[in-house]
Asks: 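Got a structure for you, questions after.
From a predicted model like this one, the values you see are computed outputs, not experimental measurements.
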Amino acid sequence: MRPDGLAMAAPTESLRKRRRGDADEGPCSPPAPAREPAACPARLRPGTFWLTRIVLLRALAFIYWVAFLVAFHQNKQLIGDRGLLPSRLYLKSVQRHVGGRVGWGALSYAPTVLWFLDWTDMDANLDFLALAGLAISSFILIAGCANMVLMATLWVLYMSLVNVGQIWYAFGWESQLLETGFLAIFLCPLWTLSRLPRHTPTSRIVVWGFRWLIFRIMLGAGLIKIRGDRCWLDLTCMDYHYETQPVPNPAAYYLHRSPWWIHRTETLGNHIIELGVPFFLFLGRSMCLLHGALQILFQVLLIISGNLSFLNWLTIVPSLACFDDAALSFLFPSGPGGLKDQVLQLQKEEAQGAQPVQTWGCVVRWAVHLTLAALIGYLSIPVVLNLLSSRQVMNVSFNPLRIVNTYGAFGSITKERTEVILQGTASPNASAPDALWADYEFKCKPGDPRRRPCLISPYHHRLDWLMWFAAFQTYEQHEWILHLAGKLLANDAQVLSLLAHNPFSGAEPPRWVRAEHYRYKFSLPGGQHATEGKWWVRKRIGPYFPPLRLQDLKGYFEAREWPHPEPA
């Protein structure tokens, strides 16, 4: 018979173990029989990117969808048969430049499928490209899966538009979308349409391709700032940016009036995010996750503070490659049979030593990814040299396919805002003192001081954006603005669809159109102008171009082969 002390010790020890859990088995071990069974959700382990691929593809599909939507709504007016800069005329000029034939020279100068389509109805061609892109990107966005064929098709379709878009597509986010889209081709299996293609795991080479992209985007933007404008070094650029950015939004109106120390903090924070944080990518998983979180937060703040097209939304996409399945698992439900559960099973099989069957397809895929790495490395040489150069340029492509590019934004800050205001009059004498001039209003750019700044990001009004550039240059540097004046003199419905208000709608076209130059400043919240309902205070600088009649532009149009507008 055991002593009473020993008889009591056993249940006491058992009770202690029950209370604290068996340290050897861990907190997720099966509970003691005396207790109610408790569920302990399994966690995904770091290092795989199955869920990352799904999130990244859907995010990119959304950007493609927006880009093709913009193209469908605006391409005919900008580069269509009767557009402001017709793409047919551009292709003809390229054809003449390379010797008059559609061959390798033409294709390498302007890679686009439009070379192989009938040019007699360019509007239909442009609509076909945009609608095809909308359909494919919609499918990927909804299904959450894609293959190389679909992603390559999206890339070719958008490249075909960018390379005939001329100045309307001459921005860094177009090249950035093409580079991002090119990398995404290699995320996917060749033919299979599955969100979790078991035999095609996400390639780490492609993951690092996206990380290399976001590294260059941010570092390029940071370096061009400290090299480009003194105000970035003395931390005063944000004193001007909110007011003078291309298309301000309502938040910019209030952010502009922030105390000076907030603007200094914003500028310093910008330097840290763009010049310091990118190096976190190379410091292990935890720092890489921190990099991704900080970059996404930074882009969200930029989205809130301005209408920069889909640029900031697009910059989030490569940042997603910083997160593995374990980091993104919270985005997916935990039920049995769900995506998270399937990834967990794949990880368990891998942990148990299950090796995928090696096929010729696997070998080919490895060879393709290694070739991709070599290609990106080779094409990155001039990009890296540009980053290191004191004469750094931004938003430049060193190859016609725009696979690896240089990036940057706001290398210099405009210190005051000027706007071109287009006006028309029905008066037969433009110089008469009683001539009544009426303003045309654009969709988003500042015009009527009482109109609230718009909120449209990620959508993009291309004409409004180019009007911002035209305002601090001359009309001789922007010939299209005279073409626009001719369209207004004819009450051209197609081009007028890009504007918010036509003062001659339902009436005879204006006899004269002119452009006036104004200086704009935000009104003071709570001040006199704000109480009158004015978001802006403007002051006339002088004429931008003199009053013009439609017949005055006939020779100008003929010299450029632009179709002469016919009054509606």
Side-chain angles (χ1 to χ4, degrees), residues 21 25-31 36-63 137-148 150-151 180 183-184 186-189 191-211 214 281 284-297 300 313 316-357 362 365:
E25 294 177 339
C28 291
S29 60
E36 197 69 27
C40 185
R43 294 171 180 258
L44 295 177
R45 63 177 175 82
T48 63
F49 298 89
W50 300 93
L51 300 179
T52 305
R53 170 164 54 190
I54 297 172
V55 175
L56 200 152
L57 284 176
R58 274 191 161 143
L60 180 57
F62 172 71
I63 305 301
S137 57
S138 297
F139 169 79
I140 298 171
L141 181 60
I142 295 169
C145 63
N147 56 33
M148 295 183 76
L150 290 180
M151 297 308 299
T180 308
L183 285 171
F186 301 92
L187 271 179
C188 309
W191 296 108
T192 306
L193 281 175
S194 170
R195 285 182 288 181
L196 292 176
R198 295 179 62 90
H199 301 294
T200 314
T202 308
S203 168
R204 290 178 178 268
I205 290 176
V206 181
V207 168
W208 275 102
F210 282 111
R211 293 176 181 179
I214 188 63
L281 285 166
R285 178 177 181 269
S286 297
M287 297 300 286
C288 187
L289 292 176
L290 179 60
H291 170 276
L294 289 174
Q295 295 298 356
I296 291 175
L297 175 62
V300 169
W313 301 74
I316 290 174
V317 175
S319 299
L320 295 172
C322 297
F323 303 95
D324 56 20
D325 292 338
L328 294 178
S329 62
F330 73 96
L331 296 174
F332 297 83
S334 299
L339 287 171
K340 187 192 295 189
D341 185 56
Q342 294 179 51
V343 172
L344 183 63
Q345 295 305 316
L346 289 170
Q347 290 187 349
K348 285 181 178 178
E349 293 174 9
E350 183 181 345
Q352 292 168 1
Q355 296 294 328
V357 178
C362 295
R365 188 169 181 80

Asks: Taking the side chain as every heavy atom from C-beta outward, state whether Arg53 and Pro197 have any pair of such atoms under 4.5 Å apart.
Replies: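 Answer yes - side chains close enough.
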
Asks: Please assess Ile214 against His291 for the test side-chain contact (heavy atoms from CB on, under 4.5 Å), listing each intermediate value before the final yes or no.
Replies: CA-CA 10 Å; Ile214 188 63; His291 170 276; 3.9 Å; yes

Asks: Show the nearest heavy-atom pair for residues Leu187 and Leu57, with the distance to one decimal.
Replies: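 Minimum heavy-atom contact is CD1-CD2, 4.2 Å.
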
Asks: Compare every heavy atom of Asn147 with every heavy atom of Trp191, then report the nearest pair and how far apart it is.
Replies: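 In terms of heavy atoms, the two residues are closest at O-ND2, 2.8 Å.
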
Asks: Does Arg195, at its CZ atom, have more than 12 non-hydrogen atoms belonging to other residues, nucleotides or ligands within less than 6.0 Å?
Replies: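 Open.
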
Asks: Under 3.5 Å, side chain of Thr52 to main-chain N/O of Phe323, donor-acceptor pair present?
Replies: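 Judged by distance alone, yes, a pair lies under 3.5 Å.
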
Asks: Is there a donor-acceptor contact under 3.5 Å from the side chain of Gln342 to the main chain of Leu196?
Replies: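 Not a single qualifying donor-acceptor pair exists.
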
Asks: Rounded to the nearest 0.5 Å, how far does CZ of Arg45 lie from NZ of Lys348?
Replies: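 Separation between the atoms: 12.0 Å.
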
Asks: Show your reasoning for whether side-chain contact (heavy atoms from CB on, under 4.5 Å) applies to Met151 and Ile140.
Replies: CA-CA 9 Å; Met151 297 308 299; Ile140 298 171; 3.5 Å; yes

Asks: To check you understand the geometry: which heavy-atom pair defines the closest contact between Leu51 and Ser329, and what is its length?
Replies: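 Distance-wise, the nearest heavy atoms are CD1-CA, 4.1 Å.
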
Asks: In Å and rounded to the nearest 0.5 Å, what is the OG1 to CZ distance from Thr192 to Arg198?
Replies: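 These two atoms lie 13.0 Å from each other.
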
Asks: Hey, what do you get for CG (Leu183) to OG (Ser203), rounding to the nearest 0.5 Å?
Replies: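 Separation between the atoms: 10.5 Å.
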
Asks: So, do Thr202 and Leu56 sit near enough that their side-chain heavy atoms are less than 4.5 Å apart?
Replies: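 No. Closest side-chain heavy atoms not under 4.5 Å.
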
Asks: How close do Arg211 and Leu281 get, heavy atom to heavy atom, and via which atoms?
Replies: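 So the minimum-distance heavy-atom pair works out to O-CD1, 3.4 Å.
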
Asks: For residues Ala184 and Leu60, report the shortest heavy-atom separation together with the two atoms involved.
Replies: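 Shortest heavy-atom separation between Ala184 and Leu60 comes out as CB-CD2, 3.3 Å.
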
Asks: What do the steps show when you test Cys322 against Cys288 for side-chain contact (heavy atoms from CB on, under 4.5 Å), and what is the final call?
Replies: CA-CA 6 Å; Cys322 297; Cys288 187; 3.8 Å; yes

Asks: What heavy-atom pair brings Ala326 and Leu44 nearest, and what distance separates the two atoms?
Replies: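 It is CB-O, 3.4 Å.
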
Asks: Looking at Arg204, I'd like to know if its CZ atom is crowded, meaning that more than 12 non-hydrogen atoms belonging to other residues, nucleotides or ligands lie closer than 6.0 Å.
Replies: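 It does not: Arg204 CZ has 12 such atoms or fewer within range.
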
Asks: Within the structure provided, determine whether Asp325 and Phe332 are in side-chain contact (heavy-atom separation under 4.5 Å).
Replies: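 A side-chain contact under 4.5 Å is absent here.
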
Asks: Can you check whether Trp50's main-chain N or O pairs, donor with acceptor, with Thr48's side chain at less than 3.5 Å?
Replies: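 A pair under 3.5 Å: no.
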
Asks: Just verifying a value: how many Å separate Leu339 CG and Ser334 OG, rounded to the nearest 0.5 Å?
Replies: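 Taking CG in Leu339 and OG in Ser334, the distance rounds to 11.5 Å.
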
Asks: Would you find a donor on one side and an acceptor on the other, under 3.5 Å apart, between the side chain of Asp324 and the backbone of Pro46?
Replies: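 Answer holds: no.
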
Asks: Please check: side-chain N/O of Thr200 versus main-chain N/O of Pro189, any donor-acceptor pairing under 3.5 Å?
Replies: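 Between the backbone of Pro189 and the side chain of Thr200 there is no qualifying donor-acceptor contact (under 3.5 Å).
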
Asks: Atom CD1 of Ile63 and atom CD1 of Ile316: how far apart are they, to the nearest 0.5 Å?
Replies: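 Atom-to-atom, Ile63:CD1 and Ile316:CD1 are 7.5 Å apart.
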
